[in-house]
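None of these values were measured; they are calculated from a predicted model. Starting from 1, each residue takes its place in the sequence as its number.
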Amino acid sequence: QVNLAESGGGSVHAGGSLRLSCASSGDIDSLSCLGWFRQGPGKEREGVASVFTGDGSKYYADSVKGRFTISLDGAKNMIFLDMNNLEPEDTGMYYCASRLCRVRPTSGDEYTDFDYWGRGTQVTVSS
């Protein structure tokens, strides 16, 4: 069992920045896939960014490329999502998640089959 806890959400104006943090109760350096997801009002949950700790491969949704960065602090078992140039469309509940990955995810599997989820942190971007 892995417990995940997000923090760092808030309300910002368009163009602003936020850093989300996720504390893991488990060792994130083991062969894992770690990801950030979001669910906007009236929308389905979508993958935003993920990382495979085996080789450090990172993946981003097209809508956030160049604006969001996922990073890790293995010593502290922390996962971060730096979000810059935020847009109103980025509004939503943001969740971190993890699953065991023995190999690098194949294309299309970067955001599938995650087992452990945090409770989320709200991000609101106003225009």
Could you tell me whether a side-chain N or O of [X] sits under 3.5 Å from a main-chain N or O of [Y], the two making a donor and an acceptor?
{"X": "E89", "Y": "E87", "value": "no"}
{"X": "D109", "Y": "T112", "value": "no"}
{"X": "E110", "Y": "Y59", "value": "no"}
{"X": "S24", "Y": "G26", "value": "yes"}

Flag side-chain contact, heavy atom, 4.5 Å: [X] against [Y]:
{"X": "V12", "Y": "L18", "answer": "yes"}
{"X": "D82", "Y": "S71", "answer": "yes"}
{"X": "S50", "Y": "W36", "answer": "no"}
{"X": "V2", "Y": "W117", "answer": "no"}
{"X": "V123", "Y": "T91", "answer": "no"}
{"X": "Y60", "Y": "V48", "answer": "no"}
{"X": "N77", "Y": "D27", "answer": "yes"}
{"X": "I79", "Y": "S21", "answer": "no"}

Taking atom [atom1] of [X] and atom [atom2] of [Y], what is their separation to the nearest 0.5 Å?
{"X": "R119", "Y": "C96", "atom1": "CZ", "atom2": "SG", "answer": "12.5 Å"}
{"X": "I28", "Y": "K76", "atom1": "CD1", "atom2": "NZ", "answer": "12.0 Å"}
{"X": "T124", "Y": "M93", "atom1": "OG1", "atom2": "CE", "answer": "9.0 Å"}
{"X": "C22", "Y": "E6", "atom1": "SG", "atom2": "CD", "answer": "5.0 Å"}
{"X": "I70", "Y": "M83", "atom1": "CD1", "atom2": "CE", "answer": "12.0 Å"}

Requested in this report: Can you establish whether the number of heavy atoms outside K58 located under 6.0 Å from its atom NZ is more than 12?
Outcome: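 Counting other residues, nucleotides and ligands, NZ of K58 exceeds 12 neighbours.
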Requested in this report: Answer yes or no: are there more than 12 heavy-atom neighbours, outside R67 itself, under 6.0 Å from its atom CZ?
Outcome: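 Yes, because the 6.0 Å sphere around CZ of R67 holds more than 12 heavy atoms from other groups.
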Query raised in the report: Is D113 salt-bridged to R99, cutoff N-O under 4.0 Å?
Result: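 So D113 does not pair with R99 through a salt bridge.
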Where is the tightest heavy-atom contact between [X] and [Y], given as atom of each residue plus distance?
{"X": "C33", "Y": "F52", "value": "SG-CD1, 4.1 Å"}
{"X": "R104", "Y": "S57", "value": "NE-OG, 3.6 Å"}
{"X": "P88", "Y": "S126", "value": "CG-C, 4.4 Å"}
{"X": "L100", "Y": "D115", "value": "N-OD2, 4.2 Å"}
{"X": "T121", "Y": "G9", "value": "OG1-N, 3.0 Å"}
{"X": "S17", "Y": "N84", "value": "OG-OD1, 2.9 Å"}

Report task. Take E46 and R38, measure what salt bridge (Lys or Arg N to Asp or Glu O under 4.0 Å) needs, and give me the verdict at the end. Result -> CA-CA 6 Å; E46 63 174 344; R38 69 185 180 189; 2.7 Å; yes
Requested in this report: Go through the steps for F37 and F114 under the test ring-ring contact (aromatic ring centres under 6.0 Å, His included), then give the verdict.
Outcome: CA-CA 10 Å; F37 295 75; F114 278 73; 5.1 Å; yes
If hydrophobic clusters are built from ILVMFWY residues whose side chains come within less than 4.5 Å, do [X] and [Y] share one?
{"X": "L4", "Y": "Y94", "value": "no"}
{"X": "F68", "Y": "L72", "value": "yes"}
{"X": "L81", "Y": "Y95", "value": "no"}

Report task. May I have the step-by-step check of side-chain contact (heavy atoms from CB on, under 4.5 Å) for H13 and V125, ending in yes or no? Result -> CA-CA 5 Å; H13 290 294; V125 185; over 6 Å; no
